[in-house]
Amino acid sequence: MAPPGWAVALAALCLAALAPPAAGFYLPGVVPHDFEMKDPLPVKVNKLTSIKTQLPYSYYSLPFCKPDTIVDSAENLGEVLRGDRIENSPYTFEMREPQMCQIVCKISVGEKEAKLLKEKIEDEYRVNMILDNLPLVVPIQRMDQEDAYFYQHGFHVGAKGKFLGSKDEKYFIHNHLSFTVKYHRDEQRDVSRIVAFEVKPYSVKHEYEGQWNDKKTRLTTCDPHAQRVITSSESPQEVEVGKDIIFTYDVDFKESDIKWASRWDSYLLMTDDQIHWFSIVNSLMIVLFLSGMVAMIMLRTLYRDISKYNQLETQEEAHEETGWKLVHGDVFRPPSNSDLLCVYVGTGVQFFGMLLVTMVFAVLGFLSPSNRGGLMTAMLLLWVFMGLLAGYSSSRLYKLFKGSEWKNIALRTAFTFPGSVFAIFFFLNALIWGQKSSGAVPFTTMFALVLLWFGISVPLVFVGSFLGFKKPTIEDPVKTNKIPRQIPEQAWYMNPIFSILIGGILPFGAVFIELFFILTSIWLQQFYYIFGFLFLVFLILIITCAEISIVLCYFQLCSEDYLWWWRSYLTSGSSALYLFLYATFYFFTKLEITKFVSAVLYFGYMLIASYAFFALTGTIGFYACFLFTRLIYSSVKIE
């Protein structure tokens with residue numbers, strides 16, 4: 001078992017990753033913007049999002065105020081896949097120049113507009129905006145602490161409610177936005193940097209005097225001249241056909257002590273951080289304890305076995321040998337469907353390489369949250385380039401199984417997993433497209449993905465396979481008999497299905513707490529950026545997958561069953577089944593998804609995630625058993 005120093009080092013790495021970046025340290029491409037007094041601050045709008053439907057829509061798909069010309073911002077691959085649609089808006093501020101009750105525009109509501117607004121309010125859609133690369137948030141006071149807040153992504157399009165004394169439910173739109181821009185000021189140079197962008201939305205039935213004169217109209221409901229400010233939604237604006245909606249906003253500027261380098265810290269603060277810390281430490285302690293027990297049992301038992309086998313001197317004693325040494329002539333016999341095993345091992349190595357490099361970069365702070373879509377883009381590109389490792393590992397194993405057609409195995413490695421995932425993704429994308437959602441991946445992006453797959457990933461898999469096949473064949477520590485040995489009848493607990501299902505519980509148990517936070521960040525649209533914890537959990541996952549596979553493989557060989565190749569892969573890989581079952585449990589207990597299409601999207605994406613998790617954990621378990629069997633059979637004297 002690893003010494004206590006190992007755990008201390010991991011904990012230190014975790015704490016280092018959680019520490020805020022030092023002031024003055026900025027990553028490449030993430031540069032602060034200095035604003036002088038009265039500098040224009042253009043506000044950008046992003047997609048409309050809902051945790052009830054999971055289908056994003058463009059901001060201008062609703063009858064909101066529009067600028068003279070709508071300009072789309074350039075987006076990276078990750079942003080497009082996330083459904084981001086960033087455009088300019090009619091909201092423009094001036095640095096450190098507060099504005100009160102500014103009119104944006106007046107919208108006439110027809111039947112189509114009313115229907116659209118009511119649908120989006122019913123589905124609890126939120127409006128997302130961006131200022132200086134910071135997302136707009138609604139500060140919500142925490143119940144347990146007076147001066148502490150957590151932040152909600154964007155503000156709701158509107159709300160449902162009833163007028164006093166009425167039984168009919170009405171739809172009200174948030175048409176007045178009270179913005180707060182917090183800035184950190186450099187007194188020496190008299191420049192400011194934006195450190196927060198917040199809003200409080202209100203629904204106000206605006207009234208005005210005289211004729212409507214666009215932005216020069218004088219409102220009676222809020223008036224900058226009379227210092228009449230909106231602080232509540234006492235007289236809300238109902239969404240009604242034939243009625244007008246006047247959109248207005250205030251903007252206030254507040255100086256802040258928060259430095260630019262730390263401006264994301266308050267956004268990324270977990271609302272349930274104490275539970276998170278306790279859960280992770282609890283998980284870590286349980287897994288380290290189990291790993292220590294497993295390692296101790298294995299080392300003591302194996303040491304005794306090997307000593308006993310090496311002391312067998314007489315022929316009679318040799319004939320009476322039992323346990324794992326007895327199957328030495330069959331243990332390295334190639335399994336059935338060995339080609340498919342090679343393909344899945346290659347795919348798992350590809351995933352392992354992608355996740356490891358992504359985690360390291362994220363822990364070091366290179367995947368900044370300010371770079372929207374950066375994480376997804378990085379993972380996609382790393383997956384493509386890790387095709388080299390996939391081809392190499394699958395062909396090395398293929399050659400060990402006496403295979404000769406390395407091009408065939410390279411082709412299957414390049415297409416089996418990506419092909420099935422692409423088919424599911426294409427089907428889900430067609431569903432999103434049918435809903436006219438901005439989350440549908442455009443044809444050009446789909447073409448770019450296919451180009452990455454066929455143009456880079458497939459050739460790299462072939463290069464890796466060629467290099468792997470050129471290497472000398474891995475020599476088995478013992479010779480394989482020509483005639484397979486008969487496997488004796490096994491005890492009920494050594495039944496393949498039972499032992500495989502039992503084997504997946506421990507790896508899943510190591511990650512399921514962190515899985516809750518990841519699912520919450522994806523499907524409930526909360527900030528998640530504690531990669532120190534995630535990296536720690538990833539290392540725990542590797543250890544548990546390896547150890548549970550080794551233990552069950554040892555018991556299997558002791559009961560004279562030498563068909564360990566596939567079982568070692570499926571033992572730890574079965575944790576993916578528990579992951580999918582947990583995702584199903586999460587769907588019914590935590591989410592409020594009602595639309596059939598949204599439910600299909602959820603289960604489709606979770607199926608892809610579970611499939612990937614199967615390949616990853618299965619490969620870790622397989623390689624652990626592969627090294628373990630080679631080690632023990634090379635340690636005993638076989639006549």
Side-chain angles (χ1 to χ4, degrees), residues 328-358 360 379-421 450-482 542 546 549 562 564-566 568-569 573 612 615-635:
H328 65 81
D330 297 276
V331 75
F332 293 108
R333 188 181 302 283
S336 56
N337 293 319
S338 58
D339 290 10
L340 191 62
L341 181 63
C342 297
V343 167
Y344 273 101
V345 166
T347 302
V349 169
Q350 192 172 3
F351 257 109
F352 184 82
M354 176 196 77
L355 283 175
L356 187 65
V357 176
T358 304
V360 169
M379 288 179 77
L380 202 60
L381 292 176
L382 281 169
W383 163 263
V384 166
F385 288 110
M386 288 296 166
L388 189 72
L389 295 183
Y392 180 84
S393 49
S394 62
S395 68
R396 286 282 280 158
L397 194 60
Y398 180 66
K399 195 172 183 181
L400 172 68
F401 293 151
K402 309 291 185 289
S404 56
E405 298 291 328
W406 68 270
K407 290 177 185 174
N408 179 37
I409 211 71
L411 197 68
R412 290 177 68 178
T413 304
F415 285 96
T416 301
F417 182 85
S420 51
V421 167
V450 172
L451 201 64
L452 281 173
W453 180 15
F454 282 86
I456 301 174
S457 182
V458 174
L460 283 176
V461 171
F462 271 87
V463 169
S465 288
F466 175 72
L467 295 174
F469 205 74
K470 273 184 70 179
K471 287 273 184 181
T473 308
I474 301 166
E475 293 294 329
D476 292 330
V478 289
K479 288 182 180 179
T480 301
N481 294 337
K482 290 182 180 179
I542 294 168
S549 295
Y562 53 83
W564 64 273
W565 296 94
W566 269 110
S568 65
Y569 194 99
L616 172 72
T617 52
T619 299
I620 294 167
F622 171 81
Y623 272 116
C625 287
F626 182 68
L627 295 172
F628 169 74
T629 49
R630 295 182 70 78
L631 179 69
I632 63 170
Y633 283 100
S634 59
S635 301

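Remember, predicted model here, so these are calculated numbers, not experimental data. Values below: all heavy atoms of this structure, side chains included; hydrogens, waters and symmetry mates excluded.
Rounded to the nearest 0.5 Å, atoms OG1 (Thr473) and NZ (Lys402) are 7.0 Å apart. How far CZ of Arg333 is from CH2 of Trp564: 14.0 Å, rounded to the nearest 0.5 Å. Rounded to the nearest 0.5 Å, atoms CZ (Phe462) and NZ (Lys407) are 8.5 Å apart. Note: Leu382 CG to Gln350 CD = 10.5 Å, rounded to the nearest 0.5 Å. Atom OG of Ser457 and atom CG of Leu381 lie 11.5 Å apart (nearest 0.5 Å). Rounding to the nearest 0.5 angstrom, the gap separating the CG atom in Leu340 from the OG atom in Ser394 is 11.5 Å.
Here the closest non-hydrogen pair linking Gly468 and Ser395 is CA-OG, 3.4 Å. Residues Pro335 and Trp566 share a closest heavy-atom pair of CB-CD1, 4.1 Å. Minimum interatomic distance between Ala410 and Val461 (heavy atoms only, all atoms of both residues): O-CG1, 3.4 Å. Between Ser568 and Cys625, the shortest heavy-atom distance links the atoms CB-SG, 3.4 Å. Between Met379 and Met354, the closest heavy-atom pair is O-SD, 3.3 Å.
Looking only at side-chain heavy atoms (C-beta outward), Leu397 and Phe622 come within less than 4.5 Å of each other. Side-chain atoms of Thr413 and Ser465, non-hydrogen and from C-beta on, never get closer than 4.5 Å to each other. Using a 4.5 Å heavy-atom threshold, the side chains of Val349 and Tyr392 count as separate. Side-chain atoms of Phe351 and Phe417, non-hydrogen and from C-beta on, do get closer than 4.5 Å to each other. When side chains are defined from C-beta on, Thr619 does not count as touching Thr347, because their heavy atoms never get closer than 4.5 Å. The closest side-chain heavy-atom distance from Ser549 to Phe628 is not below 4.5 Å. Residues Val384 and Trp453 are not in side-chain contact: their nearest non-hydrogen atoms beyond the backbone lie 4.5 Å or more apart. Two residues are said to be in side-chain contact when any heavy atoms from C-beta on lie closer than 4.5 Å; Leu460 and Met386 fail this criterion.
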Test log, rule side-chain contact (heavy atoms from CB on, under 4.5 Å), inputs Tyr344 and Asn337: CA-CA 11 Å; Tyr344 273 101; Asn337 293 319; over 6 Å; no

Chi angles and distances behind the side-chain contact (heavy atoms from CB on, under 4.5 Å) call for Phe352, Ile542: CA-CA 10 Å; Phe352 184 82; Ile542 294 168; 3.5 Å; yes

Check against side-chain contact (heavy atoms from CB on, under 4.5 Å), Phe332 and Leu400: CA-CA 10 Å; Phe332 293 108; Leu400 172 68; over 6 Å; no

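A tilted orientation is assigned to the rings of Trp565 and Phe626, their planes being inclined by 30° to 60°.
Judged by distance alone, with hydrogens and angles left aside, the side-chain atoms of Arg396 form a donor-acceptor pair with the main-chain N or O of Pro472 at under 3.5 Å.
Of the listed residues (Phe401, Phe466, Tyr398), just one forms a ring-ring contact (aromatic ring centres under 6.0 Å, His included) with Trp406, and that residue is Phe466.
Separation of the Phe454 and Phe415 ring centroids falls under the 6.0 Å cut-off.
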